[in-house]
Amino acid sequence: DAKTTQPNSMESNEEEPVHLPCNHSTISGTDYIHWYRQLPSQGPEYVIHGLTSNVNNRMASLAIAEDRKSSTLILHRATLRDAAVYYCILRKGTGANNLFFGTGTRLTVIP
Amino acid sequence: GAVVSQHPSRVICKSGTSVKIECRSLDFQATTMFWYRQFPKQSLMLMATSNEGSKATYEQGVEKDKFLINHASLTLSTLTVTSAHPEDSSFYICSARGFGKGGRDRAEAFFGQGTRLTVV
């Protein structure tokens, strides 16, 4: 499975935008980029996913580099409830179902 | 959004006993369910993949006789930790992916709230 690299931790002030980077230089053409987040003592929660084009949903935006070797999850206005570990995961689009989690980025939101 | 319910959320058991954890997809059919384990301050580690009506596929290093998985219906998978020991104490999480409208495979996985197992 192609590997992703994320910073261990990041901080953001409340109500400010947050850009969470992810490097995936060995990504293959069939890999989708998925983002999940895990709040303390809870199971992970789906955030967003994309293949080539930038994606927006009610939770966040996903900006994908043109060469697909990196992506950025954008939280437009961080709230205290966004404090979590954010995981960037590559999932093959050829039918494989399992997700392999890396170490993720622990986001701290400062009031 | 789709809901995956895991039960119990917390369990304490004595060493040597067995514990069963249930994972249910409440509003969709989950053809495939996954079981993860997470130790404190670590990431999730995939233990096994269960497909409805067939045997589970275990990841390398996971003992299939210790962690029994049953996926008897499209909405229920169970993980039984047999002869539990203190080192099995962990946060166990299930996830499910299934089919949405028109039989389309859903891209996102939905996770249960997790079960914190403490073996004393």
Side-chain angles (χ1 to χ4, degrees), chain A residues 1-9 22 30-53 55-60 62 64 71 73 83-108, chain B residues 1-7 9-10 21 23-25 30-52 56-60 62 71 77 90-100 104-118:
Chain A
D1 296 296
K3 188 179 174 182
T4 63
T5 305
Q6 300 176 253
N8 288 332
S9 62
C22 181
T30 57
D31 285 336
Y32 284 76
I33 302 159
H34 282 240
W35 284 82
Y36 286 79
R37 71 179 186 181
Q38 185 178 23
L39 279 64
S41 298
Q42 294 188 29
E45 173 187 30
Y46 167 80
V47 178
I48 201 166
H49 78 280
L51 183 62
T52 56
S53 303
V55 184
N56 299 297
N57 66 20
R58 63 175 180 82
M59 289 182 71
L62 176 60
I64 301 173
S71 61
L73 179 71
V85 178
Y86 286 78
Y87 296 98
C88 168
I89 303 168
L90 300 182
R91 179 202 153 228
K92 291 201 178 296
T94 54
N97 292 303
N98 42 12
L99 298 174
F100 291 93
F101 287 76
T103 54
T105 297
R106 183 174 297 278
L107 175 66
T108 301
Chain B
V3 177
V4 173
S5 176
Q6 202 172 326
H7 178 80
S9 58
R10 190 179 293 267
I21 302 169
C23 179
R24 293 181 186 274
S25 57
T31 53
T32 305
M33 288 186 173
F34 307 91
W35 288 95
Y36 294 83
R37 180 168 54 181
Q38 185 175 34
F39 292 107
K41 299 206 183 296
Q42 293 187 23
S43 187
L44 285 77
M45 185 182 73
L46 180 65
M47 299 175 67
T49 302
S50 75
N51 294 295
E52 186 265 338
T57 303
Y58 290 82
E59 295 299 309
Q60 193 172 6
V62 178
H71 193 160
S77 176
S90 187
F91 193 51
Y92 292 87
I93 306 166
C94 71
S95 78
R97 290 183 63 239
F99 291 97
R104 280 186 55 207
D105 185 21
R106 302 186 67 151
E108 65 270 39
F110 298 95
F111 290 81
Q113 69 270 40
T115 297
R116 186 161 304 283
L117 170 64
T118 304

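Every chain is numbered from 1, with letters handed out A, B, ... down the list of sequences.
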Is there a side-chain contact between Gln42(A) and Phe111(B) (heavy atoms, below 4.5 Å)?
no
Please give me the minimum heavy-atom distance between Phe101(A) and Ser43(B), naming the atom from each residue.
CB-OG, 3.3 Å
Identify, with sequence neighbours excluded, every residue that meets side chain to side chain contact (heavy atoms under 4.5 Å, CB included) alongside Ala83(A).
Val109(A)
Contacting moiety of Glu59(B), where chain A heavy atoms sit under 4.5 Å:
side chain
Under the 3.5 angstrom rule, does the side chain of Tyr36(B) hit a backbone N or O of Leu99(A) as a donor-acceptor pair?
yes
Gln38(A): which residues meet the side chain to side chain contact (heavy atoms under 4.5 Å, CB included) condition with it, sequence neighbours left out?
Pro44(A), Tyr87(A), Gln38(B), Leu44(B), Phe91(B), Ile93(B)
